Amino acid sequence: MLQVNYIRENREEVIAGLTKKNFKQLALIDQIIQFDEQRRALQVSSDTLAAEANAIAKQIGELMKSGQKDAAEDLKQRSVAIKEQTKSQLETLASIETGLYDALVQLPNLPHASVPAGITPEENEVVYTWGDIPVLPENAKPHWELAADYDIIDFELGVKITGAGFPVYKGKGARLQRALINFFLDEAAAAGYKEMQPPIVVNAASGFATGQLPDKEGQMYYVGIDDLYLIPTAEVPLTNLYRDVILKEEELPVMNTAYTPCFRREAGSYGAHVRGLNRLHQFDKIEIVQIANPANSYQILEEMVKHVQGILEKLELPYRILRLCGGDMSFASALTYDFETYSTAQGRWLEVSSTSNFETFQSNRLKCRFKAKDGKNQLVHTLNGSALALPRIVATLLENNQTPDGIKMPKALIPYLGFDKI
RNA sequence: GGUGAGAUGCCUGAGAGGCCGAAAGGAACAGUUUGCUAAACUGUCGUACGGGUAACUGUACCGAGGGUUCGAAUCCCUCUCUCACCGCCA
């Protein structure tokens, strides 16, 4: 959520930024500024009235004490009149505040200056490419066929016990999952992140603070009987640890990581590209989250990008980094780098990580601030990234490393796996 | 699931219609003293939104929402959450 004061003082810049993000309802800006003006004017007058009422109440108290009942009665009448007036002002104020808020939550975050213009994924900027795309034999198979051949991931079995998009990992497939989770967590710990194990169901207040509610309500699994939501990413619980918190400046940056299963209904998504592991309702992910001082949050974003690069390189997977264009960025992000590994058998790039700086967009809803040296509270910047999501990593590992005598595992994983080949 | 108790500032905790944005203690921060550590003393010490160049100042907030009253942390209603004990249980 953007800050009203910022919008008021930087109207032109806000409009330019939202335009870059391909946001159309620019009329909201002036509506917000207008609401804000009305709000402040009304507040001044209702505050003044309240001040008068408070003063009168105090006088009545004193008059009663000294026994001047008649004088007190006169003042009471006056007080009742003020109360009427205050009541109607407060009602108007409340409706203006609601209007202001409703408009405000519709605005996406402003893009960072380095975000390229553009609307479609094709306009994302490739900023880095690493690794050689392997040359595979003629009869190379996509991962869903390999998974069946080696009996390591069973999609049909998952359909039986739950439904589509809930695969069962078996034998070496299950072991590969566990190895990746441990590997990613160890890498994060080595980079200075503190490992956490948060709940994987959250309440509505948490969903709201990180922006899943109300807009993306239909994307989360909802446990109605207890009014809880299954998390779509560990970002939700990890970031909400700092909801309503005022940190000390020297506590920044806070670096946390967690492995969690993630649940996404993916309502409305379908098509040829969702086979196998490409899109699931339940998957595993290791998330890294930082709560940062705004002064160096972009440096931190670069460090997070380096961290993800390091992992992908240890896994020997060819990848590229995209700086997302304005139109392809998420609602809350100011700058996002997507990581894609190349799936040779499918002949396409698969997104395996998304690493973003949200600046104050989330912290404004979270009310997560830090006390700066001057004693004033200031919103923190929040950043997060996948490091990494498992399914597409597994997909590319299987596809890119297939040989006539099995699927070779990268060196870095062997200690975690206890075998070097599937 | 049953029964009972409770929710006040960073923490503990008093307050039971006006003198309460809130005692006291602790923590934290700054200063003085001290050879260091510790201690002692002094001061600062909630948040949000406004007004004012500023010093300063107004309003709101004692779990949330409503009500009674000239006036509510305090009385009434509803809700939420927490804790304890019992039951069940990994």
Side-chain angles (χ1 to χ4, degrees), chain A residues 1-9 32-105 197 199-209 213 222-229 237 240-252 254 261 291 360 363-380:
Chain A
M1 193 161 69
L2 295 177
Q3 292 165 271
V4 185
N5 287 351
Y6 186 85
I7 295 173
R8 187 170 70 218
E9 284 155 29
I32 286 168
I33 292 173
Q34 211 184 332
F35 272 137
D36 182 53
E37 269 165 25
Q38 292 174 6
R39 196 203 97 238
R40 283 184 298 154
L42 251 182
Q43 201 188 324
V44 169
S45 76
S46 76
D47 278 3
T48 310
L49 275 179
E52 195 185 339
N54 286 344
I56 289 175
K58 212 164 246 179
Q59 283 177 43
I60 292 172
E62 275 156 31
L63 289 172
M64 297 291 264
K65 245 182 231 167
S66 59
Q68 295 169 263
K69 291 252 160 71
D70 292 347
E73 278 308 316
D74 288 350
L75 281 178
K76 275 190 193 180
Q77 307 247 320
R78 181 79 198 288
S79 182
V80 171
I82 290 175
K83 200 183 173 186
E84 288 294 304
Q85 216 178 334
T86 312
K87 198 177 170 191
S88 81
Q89 283 203 358
L90 287 181
E91 274 164 19
T92 322
L93 187 60
S95 82
I96 287 172
E97 277 173 351
T98 309
L100 177 62
Y101 182 81
D102 289 347
L104 217 45
V105 293
Q197 211 175 88
I200 58 174
V201 290
V202 294
N203 56 30
S206 293
F208 176 79
L213 295 175
Y222 175 59
V223 187
I225 194 167
D226 284 317
D227 197 22
L228 297 170
Y229 297 84
N240 270 285
L241 296 175
Y242 298 89
R243 170 149 52 87
D244 295 323
V245 166
I246 299 176
L247 293 156
K248 292 181 193 143
E249 187 165 6
E250 59 269 23
E251 289 176 298
L252 301 176
V254 173
I291 311 279
T360 59
S363 59
N364 194 23
R365 275 202 191 187
L366 283 166
K367 297 206 201 73
C368 178
R369 291 153 293 171
F370 72 100
K371 202 169 271 298
K373 295 233 165 64
D374 62 5
K376 288 198 178 141
N377 294 331
Q378 210 182 317
L379 291 173
V380 299

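By convention in this document, chain letters (A, B, ...) are assigned in the order of the sequence lines, proteins followed by strands, and residues within each chain are numbered from 1. Since we're looking at a predicted model, the values are computed, not measured.
- Nucleotide G65(B) is matched to C77(B) when pairs are restricted to Watson-Crick or G-U wobble geometry with both distances under 3.5 angstrom.
- Taking side-chain N and O atoms only, Arg40(A) has a distance below 4.0 Å to OP1 or OP2 of G51(B).
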| message | side chain to side chain donor-acceptor pair (under 3.5 Å) for Arg369(A) and Ser363(A)? Distances and angles first, verdict last. | response | CA-CA 7 Å; Arg369(A) 291 153 293 171; Ser363(A) 59; over 6 Å; no

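- For Ala57(A), taking side-chain heavy atoms from C-beta onward, the closest of the listed nucleotides U59(B), C70(B), G50(B) is C70(B).
- When distances run from any side-chain atom of Gln43(A) to the nucleotides U59(B), C70(B), C49(B), the shortest one goes to C49(B).
- For U57(B) and G63(B), the P atoms lie 27 Å apart once the distance is rounded to whole Å.
- Here the separation of G66(B) from C83(B), taken at their C1' atoms, is 27 Å to the nearest Å.
- Of all nucleotides present, none satisfies the Watson-Crick or G-U wobble test against A55(B) with each distance under 3.5 Å.
- Across the P atoms, A7(B) and A16(B) are found 14 Å apart, a figure rounded to whole Å.
- Within the nucleic acid shown, Lys371(A) comes within 4.0 Å of sugar-phosphate atoms alone, with no base atom in reach, counting heavy atoms only.
- Across Gln378(A) and Ala372(A), no two heavy atoms sit closer than the pair OE1-CB, 3.8 Å.
- Taking atom P in both C75(B) and C85(B), one finds a spacing of 28 Å when rounded to whole Å.
- A donor atom on one side chain and an acceptor atom on the other are not found under 3.5 Å apart for Asn203(A) and Tyr229(A).
- Between the NZ atom of Lys367(A) and the P atom of C61(B) there is a distance of 16 Å, given to the nearest Å.
- Side-chain contact between Ile96(A) and Asp36(A): absent, with no pair of heavy atoms (C-beta onward) separated by less than 4.5 Å.
- Of the charged side-chain nitrogens involved, at least one lies within less than 4.0 Å of a carboxylate oxygen, so that Arg78(A) and Glu52(A) count as a salt-bridged pair.
- Considering only the side chain of Ser79(A), C70(B) comes nearest among G50(B), C70(B), A60(B).
- With respect to Lys87(A) and Glu84(A), no salt bridge is recorded, no charged nitrogen being found less than 4.0 Å from a carboxylate O.
- Side-chain atoms of Asn54(A) lie closest to A60(B) of the nucleotides A60(B), G50(B), C70(B).
- Of all non-hydrogen atoms in Asn240(A) and Ser206(A), the two that sit nearest each other are ND2-O, 2.9 Å.
- Atom-to-atom, CZ of Arg243(A) to P of U47(B) comes out at 20 Å; the value is rounded to the nearest Å.
- As rounded to whole Å, 9 Å separates atom C1' of C49(B) from atom CD of Glu97(A).
- In a base pair of the Watson-Crick type (N1 to N3 plus N6-O4 or O6-N4) or a G-U wobble (N1-O2 and O6-N3), with each distance short of 3.5 Å, C85(B) is matched with G2(B).
- Taking only side-chain atoms of Asn377(A), from C-beta outward, the nucleotide of G50(B), C70(B), U47(B) with the closest atom is U47(B).
- Across all strands shown, Ile56(A) has no heavy atoms under 4.0 Å from either base or sugar-phosphate atoms.
- G35(B) makes up no base pair with any nucleotide shown, lacking Watson-Crick or G-U wobble contacts both under 3.5 Å.
- Taking the P atom of each, A72(B) and A48(B) are spaced 25 Å apart, rounded to whole Å.
- The minimum heavy-atom distance linking Met1(A) with Arg365(A) is given by the pair CB-CG, 4.1 Å.
- Checking U59(B), C70(B), U47(B) against the side-chain heavy atoms of Met64(A) singles out C70(B) as nearest.
- Out of U47(B), U59(B), G71(B), the shortest distance to the side chain of Arg369(A) is found at U47(B).
- When the C1' atom is compared between C36(B) and A60(B), the two are found 49 Å apart, to the nearest whole Å.
- If you find the closest nucleotide of RNA chain B to Val44(A) and to Ala50(A), the one lying nearer the 5' end belongs to Val44(A).
- Summarising the geometry, the separation between CD on Glu37(A) and C1' on G51(B) is reported as 16 Å, rounded to the nearest angstrom.
- Taking a pair to require two hydrogen-bonding distances under 3.5 Å in either a Watson-Crick or a G-U wobble arrangement, U42(B) pairs with A30(B).
- Within the nucleic acid shown, Arg78(A) has no heavy atom closer than 4.0 Å to any nucleic acid atom.
- One interatomic measurement links the two molecules: NZ of Lys58(A) to C1' of G17(B), which rounds to 15 Å at whole-angstrom precision.
- The Asp47(A) side chain lies nearest to U59(B) when the options are G71(B), A48(B), U59(B).
- Protein atom CD1 of Ile246(A) is 7 Å distant from nucleotide atom P of C10(B), rounded to whole Å.
- The partner of A90(B) cannot be assigned: no Watson-Crick or G-U wobble pair with both contacts below 3.5 Å exists in any strand.
- Atom NZ of Lys83(A) and atom P of U68(B) are 6 Å apart (whole Å).
- When both distances must be under 3.5 Å, the Watson-Crick or G-U wobble mate of A60(B) is U47(B).
- In this structure, the NZ atom of Lys87(A) is 16 Å from the C1' atom of C70(B), given to the nearest Å.
- For the P atom pair drawn from A39(B) and G65(B), the interatomic distance equals 42 Å after rounding to whole Å.
- Nucleotides U3(B) and G87(B), compared at atom P, are 15 Å apart to the nearest Å.
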